[in-house]
Structure formats: structure tokens, C-alpha cells
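Reviewing the structure listed below.
Only heavy atoms go into these numbers, but all of them, side chains included; no hydrogens, no water, no symmetry mates.
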Amino acid sequence: MVENLYSLLTEIGFSHPLHPMLTHVPMGMIIGMVVFSFLGLIWKDKNFDQTAFYCSALALVSILPAIGAGMLDWLHFQQGEWNVYIIIKMVLGGILTILLIVSFILKRKGVPPGKMLLLYLLCLACAGGLGYSGGELVYG
């Protein structure tokens with residue numbers, strides 16, 4: 001099934017991995033939620049806080065296709081071969097997804113902005129680890 005998808009994509013002229021294109025949205029939103037949360041703390045403006053929440057919601061929605069595409073690319077381009085960076089990416093991807101779900105729930109329950117920023121920073125740390133290990137996989 002995976003090979004059929006990539007064969008179809010190749011036939012229409014697309015031979016690149018899918019995962020890198022889809023990672024920009026969740027990673028950008030994670031950076032956005034940290035920045036807007038920090039700005040909300042500095043200027044005590046609830047609009048920044050709300051924007052950080054919207055960024056976290058979009059990151060959560062968009063991380064699932066990014067993870068799915070990463071698994072497809074791994075199966076196609078690396079034949080599902082296990083290595084330390086794949087394991088790191090799978091663990092961090094799971095942790096990041098859980099952190100995003102928790103941040104969404106806690107924000108809806110009214111957790112103060114300072115505590116949300118700490119949670120958002122944990123998300124950013126996971127995102128950084130995912131990016132680093134992805135770079136190591138591709139560029140070694």
C-alpha cells in the first residue's frame with residue numbers, strides 16, 4: 001500500500017518525501033504558541049494568550065498528519081529500518097502529541113498563563129528534539 005502511494009506520486013511528478021512539508025505547520029505553531037504566551041505575560045494582554053491557545057489547537061490538529069507522513073516516509077525511504085533517531089522521533093512525537101492534548105485541556109480549564117508557558121516550552125523542547133533527530137536522519 002505504501003509503495004502504491006509513492007508510485008502514484010512519482011507518476012504525477014512528485015518524488016519527494018511527504019513528511020518535511022507537513023512538519024512546518026505544527027512546528028511553526030509551537031513556536032507561535034511560545035512567543036504569544038510570552039508576549040501575553042509581558043503585556044498582560046489576554047489576546048496574546050488566546051492566540052497562543054489557537055496556535056496550540058492548530059499544532060495539535062496538524063501534528064497527526066505530520067506523524068502519519070513521517071511513518072509513511074520511514075517505511076518507503078528507509079524500508080522501516082529501526083535506528084536510534086527513528087526511536088527518538090517516535091518517542092518525542094508521542095510525548096509532543098500528549099503535551100499538546102494536555103495543554104489544550106488545561107487552557108480550556110483556565111490554567112494561568114505562566115503555567116501554560118511552561119507547558120508550551122516543553123512542547124518547544126520536544127519540537128527541537130524532533131527537528132534535530134530528523135536532520136540527523138537525513139543529513140547524518
Side-chain angles (χ1 to χ4, degrees):
M1 181 178 134
V2 174
E3 292 308 316
N4 292 340
L5 171 65
Y6 285 92
S7 293
L8 173 67
L9 291 172
T10 301
E11 284 179 27
I12 62 172
F14 187 84
S15 60
H16 299 283
L18 298 171
H19 178 69
M21 294 183 310
L22 297 176
T23 60
H24 290 82
V25 175
M27 296 309 145
M29 291 300 103
I30 290 166
I31 293 167
M33 67 191 197
V34 169
V35 170
F36 285 116
S37 183
F38 183 71
L39 292 174
L41 283 175
I42 291 174
W43 284 304
K44 308 290 184 212
D45 187 338
K46 291 187 183 218
N47 290 321
F48 286 119
D49 247 8
Q50 193 63 32
T51 303
F53 172 69
Y54 293 144
C55 287
S56 73
L58 184 53
L60 177 58
V61 170
S62 63
I63 199 166
L64 298 176
I67 290 172
M71 304 240 350
L72 289 173
D73 284 352
W74 170 59
L75 291 171
H76 176 71
F77 292 103
Q78 297 173 341
Q79 292 73 45
E81 182 181 318
W82 289 95
N83 65 49
V84 70
Y85 293 112
I86 289 294
I87 294 168
I88 289 170
K89 285 182 72 69
M90 288 188 179
V91 169
L92 287 178
I95 292 170
L96 180 56
T97 303
I98 291 167
L99 286 172
L100 287 170
I101 291 168
V102 168
S103 73
F104 185 85
I105 292 168
L106 290 180
K107 180 61 178 171
R108 301 273 299 169
K109 288 186 175 188
V111 169
K115 290 184 180 178
M116 290 306 299
L117 178 59
L118 291 174
L119 191 53
Y120 293 159
L121 287 168
L122 287 174
C123 290
L124 184 62
C126 281
L130 284 163
Y132 177 82
S133 56
E136 287 296 313
L137 270 174
V138 173
Y139 303 110

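Of the inter-residue distances, the one linking Ser37 atom OG with Ile42 atom CD1 reads 10.0 Å to the nearest 0.5 angstrom. Within the model, atoms CD1 of Ile87 and CG of Leu92 stand 12.0 Å from one another, a figure rounded to the nearest 0.5 Å. Note: Thr10 OG1 to His16 NE2 = 10.0 Å, rounded to the nearest 0.5 Å. For the atom pair SG of Cys123 and CD1 of Ile31, the computed distance is 12.0 Å after rounding to the nearest 0.5 Å.
Pairing each heavy atom of Leu100 with each of Ser56, the nearest pair is CD2-O, 4.2 Å. Across Cys55 and Gly32, no two heavy atoms sit closer than the pair SG-C, 4.0 Å. The shortest non-hydrogen separation linking Met29 to Ala59 is CB-CB, 3.7 Å. A pairwise comparison of heavy atoms in Leu41 and Gly114 identifies CD2-N, 3.8 Å as the closest pair. Here the closest non-hydrogen pair linking Met27 and Ala127 is SD-CB, 3.3 Å. When all heavy atoms of Val34 and Leu121 are compared, the closest pair comes out as CG1-CD2, 3.7 Å.
A single hydrophobic cluster is not seen to contain both Leu124 and Val25; linkage of ILVMFWY side chains at heavy-atom distances under 4.5 Å, directly or through other members, places them apart. There is no path of hydrophobic side-chain contacts, each under 4.5 Å, that joins Val61 to Ile30. Placement of Ile98 and Ile88 within a single hydrophobic cluster is found when ILVMFWY residues are connected by side-chain heavy-atom separations under 4.5 Å, directly or transitively. Clustering ILVMFWY residues whenever any of their side-chain heavy atoms sit less than 4.5 angstrom apart, transitively, puts Val35 in the very cluster that holds Phe48. In terms of hydrophobic clustering, with Ile, Leu, Val, Met, Phe, Trp and Tyr side chains grouped at heavy-atom distances under 4.5 Å, Leu75 and Val91 are assigned to a common cluster.
Here the side chain of Trp74 pairs no donor or acceptor atom with the backbone of Ile86 at under 3.5 angstrom. Counting only distance, with no hydrogens or angles, the side chain of Gln79 and the backbone of His76 share a donor-acceptor pair below 3.5 Å. Between the side chain of Ser133 and the backbone N or O of Leu130, at least one donor-acceptor pair lies under 3.5 Å. Side chain of Tyr6 to backbone of Asp73: a donor-acceptor contact under 3.5 angstrom is found. Here the side chain of Asp49 pairs no donor or acceptor atom with the backbone of Gly40 at under 3.5 angstrom. For the pair Lys107 (side chain) and Phe53 (backbone), a donor-acceptor distance under 3.5 Å is absent.
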**OP:** Walk me through it: do Ile67 and Ile63 pass the test side chain to side chain contact (heavy atoms under 4.5 Å, CB included)?
**Re:** CA-CA 6 Å; Ile67 290 172; Ile63 199 166; 4.0 Å; yes
**OP:** May I have the step-by-step check of side chain to side chain contact (heavy atoms under 4.5 Å, CB included) for Leu18 and Leu9, ending in yes or no?
**Re:** CA-CA 10 Å; Leu18 298 171; Leu9 291 172; 3.8 Å; yes
Original post:
Does the side chain to side chain contact (heavy atoms under 4.5 Å, CB included) test come out yes or no for His19 and Met71, once each step is laid out?
Top reply: CA-CA 8 Å; His19 178 69; Met71 304 240 350; over 6 Å; no
Subject >> side chain to side chain contact (heavy atoms under 4.5 Å, CB included) evaluation trace for Ile95 with Leu122 >> reply: CA-CA 10 Å; Ile95 292 170; Leu122 287 174; over 6 Å; no
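Ser62 is not listed as a side-chain neighbour of Leu22, based on a closest heavy-atom distance of 4.5 Å or more.
Counting non-hydrogen atoms of neighbouring residues, nucleotides and ligands closer than 6.0 angstrom, the CD atom of Glu3 exceeds 12 such neighbours. In Tyr132, the OH atom is not crowded: 12 or fewer heavy atoms of neighbouring residues, nucleotides or ligands sit closer than 6.0 Å.
Taking the ring centroids of Tyr120 and Phe36, they lie at or beyond the 6.0 Å cut-off.
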